[in-house]
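This report refers to the structure that appears directly beneath it.
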Amino acid sequence: QVQLVESGGGSVQTGGSLRLSCVVSRLTYSRYCLGWFRQAPGKEREGVGAIDSDGSTNYADSVLGRFTISKDNTKNILYLHMNNLEPEDTAMYYCAAAPVSGPLMLGPPYRVDYYDFWGQGTQVTVSA
């Protein structure tokens with residue numbers, strides 16, 4: 001069973017930066033996608049972006065140019081680098097993993113229903 005544990009959340013002011021980490025364990029598949037998601041109170045969970053096992057990335061329009069996803073394959077850690085944060089970015093942030101049995105898609109998906117394994121989340125609060 002794949003396990004994911006997020007950390008790095010906190011409270012920042014508008015314009016600030018945070019780096020979220022997600023330690024990924026037992027991901028033994030040669031092809032996979034790793035995604036970041038967020039859920040604000042009273043709203044549905046939404047995709048922020050994703051990275052696949054080849055290193056290709058894909059981002060939601062709302063974070064494009066402000067957020068960057070990377071991964072350290074030697075440490076099995078997924079990162080979400082968040083810059084120029086806005087109050088609208090306030091949410092619980094989750095990482096997730098999706099094993100891929102066929103060829104990788106052009107642009108890793110960040111649809112909630114694509115992912116099979118989820119972490120518990122880390123809270124990000126951005127104040128005005």
Side-chain angles (χ1 to χ4, degrees):
Q1 179 91 355
V2 179
Q3 294 184 336
L4 305 104
V5 180
E6 305 93 336
S7 63
S11 297
V12 297
Q13 293 186 328
T14 297
S17 299
L18 279 175
R19 187 185 74 171
L20 305 184
S21 300
C22 172
V23 177
V24 184
S25 304
R26 305 177 185 173
L27 184 61
T28 58
Y29 308 91
S30 59
R31 291 187 298 276
Y32 57 84
C33 290
L34 296 171
W36 283 102
F37 299 81
R38 65 187 181 185
Q39 187 167 18
K43 295 188 177 181
E44 293 188 354
R45 190 170 299 188
E46 65 175 4
V48 172
I51 188 168
D52 65 25
S53 43
D54 281 353
S56 296
T57 54
N58 200 12
Y59 298 95
D61 288 345
S62 59
V63 305
L64 192 62
R66 299 189 300 124
F67 291 11
T68 303
I69 295 173
S70 64
K71 60 186 176 76
D72 184 330
N73 292 326
T74 61
K75 298 180 180 178
N76 296 324
I77 300 177
L78 173 71
Y79 296 104
L80 179 64
H81 308 263
M82 305 186 293
N83 296 316
N84 197 18
L85 284 160
E86 304 167 351
E88 293 74 21
D89 297 315
T90 295
M92 184 71 78
Y93 282 72
Y94 300 88
C95 59
V100 178
S101 57
L104 294 172
M105 296 176 65
L106 185 62
Y110 48 86
R111 302 190 326 263
V112 171
D113 62 357
Y114 187 80
Y115 288 81
D116 303 295
F117 304 100
W118 292 82
Q120 294 301 307
T122 185
Q123 177 68 37
V124 172
T125 302
V126 185
S127 58

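Residues: numbered from 1 along the sequence shown.
Taking 4.5 Å as the limit, every side-chain heavy atom of Asn76 sits out of range of all side-chain heavy atoms of Leu27. The shortest side-chain heavy-atom distance between Val124 and Leu18 falls under the 4.5 Å cut-off. When side chains are defined from C-beta on, Tyr93 counts as touching Leu20, because their heavy atoms get closer than 4.5 Å. You'll find the side chain of Leu80 reaches within 4.5 Å of the side chain of Met82, heavy atoms only.
When atom types are taken as modelled, the side chain of Tyr114 and the backbone of Ala97 share no donor-acceptor pair closer than 3.5 angstrom. Without hydrogens or angle criteria, Tyr94 side chain to Arg45 main chain gives no donor-acceptor distance under 3.5 Å. Looking only at distances, a side-chain donor or acceptor of Thr90 sits under 3.5 Å from a matching main-chain atom of Val126. Put simply, the side chain of Glu6 never gets that close to the backbone of Cys22: no donor and acceptor are under 3.5 Å apart. Put simply, the side chain of Asp52 gets close to the backbone of Ser56: a donor and an acceptor are under 3.5 Å apart. Between the side chain of Arg31 and the main chain of Ser53, no donor-acceptor pair closer than 3.5 Å is present.
Cluster annotation: Tyr79 and Tyr32 are assigned to distinct hydrophobic clusters (Ile/Leu/Val/Met/Phe/Trp/Tyr, side-chain heavy-atom contacts under 4.5 Å, transitive). Cluster membership for Phe117 and Val24, using ILVMFWY side-chain heavy atoms within less than 4.5 angstrom, is shared. Both Leu85 and Leu64 sit in one connected hydrophobic cluster of ILVMFWY residues. Membership requires side-chain heavy atoms under 4.5 Å apart, directly or through other members. With hydrophobic clusters built from ILVMFWY side chains whose heavy atoms lie under 4.5 angstrom apart, Val2 shares a cluster with Leu34. Cluster annotation: Val100 and Met105 are assigned to the same hydrophobic cluster (Ile/Leu/Val/Met/Phe/Trp/Tyr, side-chain heavy-atom contacts under 4.5 Å, transitive).
Interatomic distance, Asn58 CG to Tyr110 OH, rounded to the nearest 0.5 Å: 5.0 Å. Atom CZ of residue Arg26 and atom CD of residue Gln3 lie 4.0 Å apart, to the nearest 0.5 angstrom. For the atom pair Lys71 NZ and Leu78 CG, the distance stands at 9.0 Å (nearest 0.5 Å). Here the straight-line distance linking atom SG of Cys95 with atom CD of Gln120 works out to 10.0 Å at 0.5 Å rounding. Taking CG from Asn84 and OG1 from Thr14, the interatomic distance works out to 9.0 Å, rounded to the nearest 0.5 Å. In this structure, the separation between OG on Ser17 and CG on Asn83 is 4.0 Å, given to the nearest 0.5 Å.
The pair Asp89-Arg38 meets the salt-bridge criterion, with a side-chain N (NZ, NE, NH1 or NH2) lying under 4.0 Å from an Asp/Glu carboxylate O.
The hydrophobic cluster around Leu106 extends to none of the other residues, as no ILVMFWY side-chain heavy atom falls under 4.5 Å of it.
Smallest separation of non-hydrogen atoms from Phe37 and Ala96: CE1-CB, 3.8 Å. A pairwise comparison of heavy atoms in Ala40 and Ala91 identifies N-CB, 3.8 Å as the closest pair. Closest non-hydrogen pair, Ala60 versus Gly47, comes out as CB-O, 3.5 Å.
Annotation: salt bridge (charged side-chain N to carboxylate O under 4.0 Å, His left out) contacts involving residues 102-128, sequence neighbours excluded, comprise Arg111-Asp113.
Ring geometry, Trp118 versus Tyr115: the interplanar angle exceeds 60°, so the pair is classed perpendicular (tilted spans 30 to 60°).
Take Cys33 and apply the disulfide bond (SG atoms under 2.5 Å apart) test, not counting sequence neighbours, and it matches no residue.
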Take Trp36 and Phe67 through the test ring-ring contact (aromatic ring centres under 6.0 Å, His included) and record every step on the way to the result.
CA-CA 11 Å; Trp36 283 102; Phe67 291 11; 9.8 Å; no

